[in-house]
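Report on the structure given below.
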There are 4 protein chains.
Amino acid sequence: MSSTPKKVVLAYSGGLDTSIILKWLQTEYGCEVITFTADLGQGEELEPARAKAELLGIKPENIHIEDVREEFVRDYVFPMFRANAVYEGLYLLGTSIARPLIAKRLVELAHQHGADAVAHGATGKGNDQVRFELSAYALDPAIKVIAPWRLWDLTSRTKLIEFAEQNQIPIAKDKRGEAPFSVDANLLHTSSEGKALENPAEEAPEYVYARTVSPEEAPDQPEYIEITFEKGDPVAIDGQAMSPATILTRLNEYGRKHGIGRLDFVENRFVGMKSRGIYETPGGTILLEAHRGIEQITLDSGSGHLKDGLMPRYAELIYNGFWFSPEREMLQALIDKSQEYVSGTVRLKLYKGSAHTVGRWSDQSLYSEAHVTFEDDAGAYDQKDAAGFIRLNALRLKLIGNRNARVK
Amino acid sequence: MSSTPKKVVLAYSGGLDTSIILKWLQTEYGCEVITFTADLGQGEELEPARAKAELLGIKPENIHIEDVREEFVRDYVFPMFRANAVYEGLYLLGTSIARPLIAKRLVELAHQHGADAVAHGATGKGNDQVRFELSAYALDPAIKVIAPWRLWDLTSRTKLIEFAEQNQIPIAKDKRGEAPFSVDANLLHTSSEGKALENPAEEAPEYVYARTVSPEEAPDQPEYIEITFEKGDPVAIDGQAMSPATILTRLNEYGRKHGIGRLDFVENRFVGMKSRGIYETPGGTILLEAHRGIEQITLDSGSGHLKDGLMPRYAELIYNGFWFSPEREMLQALIDKSQEYVSGTVRLKLYKGSAHTVGRWSDQSLYSEAHVTFEDDAGAYDQKDAAGFIRLNALRLKLIGNRNARVK
Amino acid sequence: MSSTPKKVVLAYSGGLDTSIILKWLQTEYGCEVITFTADLGQGEELEPARAKAELLGIKPENIHIEDVREEFVRDYVFPMFRANAVYEGLYLLGTSIARPLIAKRLVELAHQHGADAVAHGATGKGNDQVRFELSAYALDPAIKVIAPWRLWDLTSRTKLIEFAEQNQIPIAKDKRGEAPFSVDANLLHTSSEGKALENPAEEAPEYVYARTVSPEEAPDQPEYIEITFEKGDPVAIDGQAMSPATILTRLNEYGRKHGIGRLDFVENRFVGMKSRGIYETPGGTILLEAHRGIEQITLDSGSGHLKDGLMPRYAELIYNGFWFSPEREMLQALIDKSQEYVSGTVRLKLYKGSAHTVGRWSDQSLYSEAHVTFEDDAGAYDQKDAAGFIRLNALRLKLIGNRNARVK
Amino acid sequence: MSSTPKKVVLAYSGGLDTSIILKWLQTEYGCEVITFTADLGQGEELEPARAKAELLGIKPENIHIEDVREEFVRDYVFPMFRANAVYEGLYLLGTSIARPLIAKRLVELAHQHGADAVAHGATGKGNDQVRFELSAYALDPAIKVIAPWRLWDLTSRTKLIEFAEQNQIPIAKDKRGEAPFSVDANLLHTSSEGKALENPAEEAPEYVYARTVSPEEAPDQPEYIEITFEKGDPVAIDGQAMSPATILTRLNEYGRKHGIGRLDFVENRFVGMKSRGIYETPGGTILLEAHRGIEQITLDSGSGHLKDGLMPRYAELIYNGFWFSPEREMLQALIDKSQEYVSGTVRLKLYKGSAHTVGRWSDQSLYSEAHVTFEDDAGAYDQKDAAGFIRLNALRLKLIGNRNARVK
């Protein structure tokens, strides 16, 4: 890190902050800047980022704008949902899962352009810096990572605006003042945090929510949909096959309409502090419920309980930025192995903030009505077996009971 | 088990099935029967059980009817909720958690009466037989457990009714035919399963639900409540202190009103088959959400993640009937240790099937606005520390990256 | 299980007990018997089993004698050693790991011969019955498994000898009396248990040990060997490539000579009781030490610690007979993923009962002298990074410390 | 950390390095220094440290020399051994477990003296800095920790010697040159690492070992000892009750004599690199074996397997410096709960590098000869129970087998 970077690939949104970073990299290091702007489904026009980058002197061949939505959903979101991953019981990891992909493209572009560094706009207090940098270092141990927010002295809004003005960086009117909170978005979720939301005792105001109507405003009639899975991944809605990103997009529409997937949450950051976030994961919330629904009939207890016990560790790894680590890949191998037969269809009821499984069926189901029935089971199950089963399970407890009675 | 029981304590509901068992025990073994009928909050009158037992020839001093609701909630339900226990991702263990208490009282009454056996009315296909018997054997390794459903030849409804008629057991009119499904209830939940519910592809009909209005019928206006916790247990609602059973009762009323806590579920039974159940856990669902809410600000990541990873194992133990096992007690010691500072208040929004945390505060909070703030933090956190933090976390990944590049 | 078996594949050792079983199956069920005798490296001549089976009326085409040593070591022993599997801290699972292979061949022969049942000679108190039967049922859910020891009334030595005499089964002289203890052997280990060994307070007499000289009798000079691994499996000793079974055989010779791999152990059986066994695993003990040695330089902490935490569960699954279960396969996928780079060579010192790693090297090593050196490291590691690393790891603990000071 | 410390408590060994640190603190910060020198059983005279501190200008009332051996063994070593803790399969954590105690005393002395900082002599590459500092920050979030090795420019031996000479610090003759390796010692172990030992492929020379004779030099006759445990802790040797530190001292003598407890190891440091250490843990190695021996008969499988699966996480916490963390305390609560009945006596054979359990007995034993016996068990165990036990355990596997056959 000691030497000055010569060529830097910057994760560039086209917004004010990353534009300031772009200019700062040019002025601070005199280095060539390559911009990478990804369409992850955040719902913003990306072409303005091209114009702005050009305005800031980036050569056209150094401007990269890419639609990575299919890759994002197929290679990151869906593998994670195979694990039913939630962080600290509730958070669907919408921000965490996007960072490794961005870091990967930054490093690939660095190699393509012969750049020696990558740069990102994450602050020094959050998790995203960790996720970007661990991913980048894992993929190229020799790469330099530049995190201007940890380096520069533009530590107030006033100084940032001054720097922008001095450097002819256009400032949208609504960016002059402080935003009331900070937002991150991609196809999986939108997160809002900071400033107006910093008091975890106060309910977040309705205007914070950007991706969902409020449950109160949602339709008064429930809606039913059917999601079909193959090997743990959704492949169709209501019988219509779709690509990964299309499925998630469609589920987001359902979720938005019915006010599904809102979360008011206080979490433990990897860097050691707690923070409060408002998350909206409309399609992901439906998908998690549906995936659990299909696993209910296709996974046995041995597989399911093993997965359940490891899920928190898996989610923690993703949250902490260790997507590109051997241990995440080991857990993924275990999880993917479990999904071989997780195929079938789940019927869900969507209504005013909730998605609930109300039916599920599969050619690969392990549910056996012949065994479970209260009716005559035609010999499928001999109830007398239960006596031996219980007695041997109890043997240990009896020996303990005898010992404790003897000793006490 | 070889010898004939002489005196048996029977878990007696007063219903047709356990009345048949009562009589069967008398006729099959010629033994004296002691009945135990517990008020676990199932919402039924228990005095008729006394009259019926007397009618069947049980001596008054052998009839025990007890209100164990406070013990149930204080010593079983609340300890379990400290763990945020859910079985297979979704089930709140409402049936499982009641069995150990019943078994414990059966054994205690056996000791009090000098009885050599206990008996229960659970079938040979389910989990409850396991839970009753493991608990009984753990508490008294020498006790006999009699499970008539695994022993007798009354294997059809017709034969049961015949036996009842031959033995002058009164049969309520609506009990002559088959019930459309089987129900279990206590203060924590109501479960329905079997027969009409055996096809997991079909949505359960509305009439199955007994403890909650449907979300569609719930009020159109959200309602807010505040639950206060001390050391992981709820102690007050809206500032009003209440006993454990009272709190759960009150939360059940809120849950019923707002259609909260319905679950359509396919689960793995300990005996090896899958079954489908419809569960209603109105108060428990609110309580779980609230407990997670207060843990968000009072538990650090080390404690919380350790708990999260062990929770599935803990829930499995309870589901499988191992409440009175050393390993459940070991896990309880770990969980209880974590709850020392889990005190404070959570504000929840209840609306049409959902309970969501919208605010939480505590004198014992670990949330530090000083650290997390986007504003100037007055030196609470040095962003430059993050660089070293990331670099040392990345060192391992870099060494792996170098190795992999070298080898491939 | 209700119907009488028509054709049975018997796991047949050629010894007295399984010969009695053979005859009993013929007389009890009037069924055709196919014998399967496996060379698992137990060190006995197997051809006598053929003669004896013929003598008992088995048709030549129904007698199967197979050398399965390579399959045993390659597909069962080595995959297990990739996990460093030990049961309850010390036992190398030598008996457990052989059972699934035998069961698999029994089922395959049943299919080949159109047999409807398999039979084994394990008793009703041990683990082996469970291992045989779970494996058989997993591979063919419709197969019948016959366990004569749980069925017949030949419950004493006298009755067995009588039955043998009545049925013209030859009885070796030394089999008339009770053996002083029971023995099981294969290429991985020899176990001895029961009778003379049933008091866990008493040291096992030297004559119990069959596979190793006593450490006291071992050479007074240490010997050094080098074991080379590829992807977690040993492939060469002292630079000489060998097949899996050959390697284990050679390591057994080293172990025997130096008195390595003896274990006096009390374990928890799956069926609920404790038992005491004397185990000799000469080659396996050396292999475990060597595998740990090569992992020390080729596995990072993320991979290693994840494996370590799951190993007890993996070992328990093998011990309990769940080799052919989805959860064992899921764990194997995880473990195998970790072994991709576990290649290199370990140098071991063998001396009077011990095998210790004294050196290890690998092209795929993660050990970096450049980083760890006490000498000048030429900038490989910036010690100042440690300050930030520690401060952010401490942040959580500081917040807790402040809270606790505030509350108490 | 920004402000200059005014009063510092230094972990002071009396050696050259910490004497240089002492002087450096005085000159760099002009601060008052309090020295803390602990007798942890490292086997060195401590009074010379007093003389040297006085020589360097420390006021007598600021010099603390304490014998903390009993506290060390009772409150740190023994609790850790209850868990059978080993790091990465083999390392007994001898250095790790001493650091929290030293840090605790430094903080307590800081409070006593009104000091605002503590200082230690650990380098910036190792684990000890982390252990000291996490412990100190956990116990006093406001304390400053000074780690001169990360701060100063005395980065070579030559510069250190120069500084010592310029500051009248006495230099022992043998300290002028570089030590061939670095040593840490306490009552539990001695570790040696660095420099001459940095190549993990080369066997460590015999002269490195300081605490044990080589197995080759150990007596040709085995020796037997008996260790008695109460609630998981050793309380007597050969029937003679002793204090914790006395027991460990005595076991160290046995271990030294018989060459027990040597380990040549490559481990993963918390800071991300691998290092090679030579460890000698003579008494601890005997103690671990004995503790496992007594657990074999007093712990059931439920308790034992739960402990086993959590042990690696517990060991990792201690290794990484998180002794004073909520999660370590939670795990300790779980472990301690398991030890309630871990009482009894173990007989061990010590011989040429090995300690092996050869017998164990206890009033609280769960071993039941009545159940396990090959002889007639008088009805303690009904072998027919095993059939039902196996069939219900197999039910899940059969349903999977049927499904897989159907699908493929």
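Proteins get letters first, then strands, A, B, ... in listed order; numbering begins at 1 in each.
- Ranked by heavy-atom pairs shorter than 4.5 Å toward chain B, the options D/E327, D/R396, D/M330 are led by D/M330.
- Listed by chain and number, the residues in a ring pair (Phe, Tyr, Trp, His ring centres under 6.0 Å) with D/Y314 amount to none (sequence neighbours excluded).
- Using cut-offs of 30° and 60° for the angle between ring planes, the B/F270 and B/F322 rings count as perpendicular.
- Of the atoms belonging to D/L310, it is side-chain heavy atoms, and not backbone ones, that fall under 4.5 Å from chain B.
- A donor-acceptor contact closer than 3.5 angstrom links the side chains of D/E295 and D/N84.
- In this structure, chain B has heavy atoms under 4.5 Å from both the backbone and the side chain of D/S338.
- In terms of heavy-atom pairs under 4.5 Å with chain B, the best-connected choice from D/L299, D/L399, D/L331, D/L317 is D/L331.
- Applying the side chain to side chain donor-acceptor pair (under 3.5 Å) rule to D/S303 yields the partners D/D300; only residues at least two apart in sequence or on another chain are considered.
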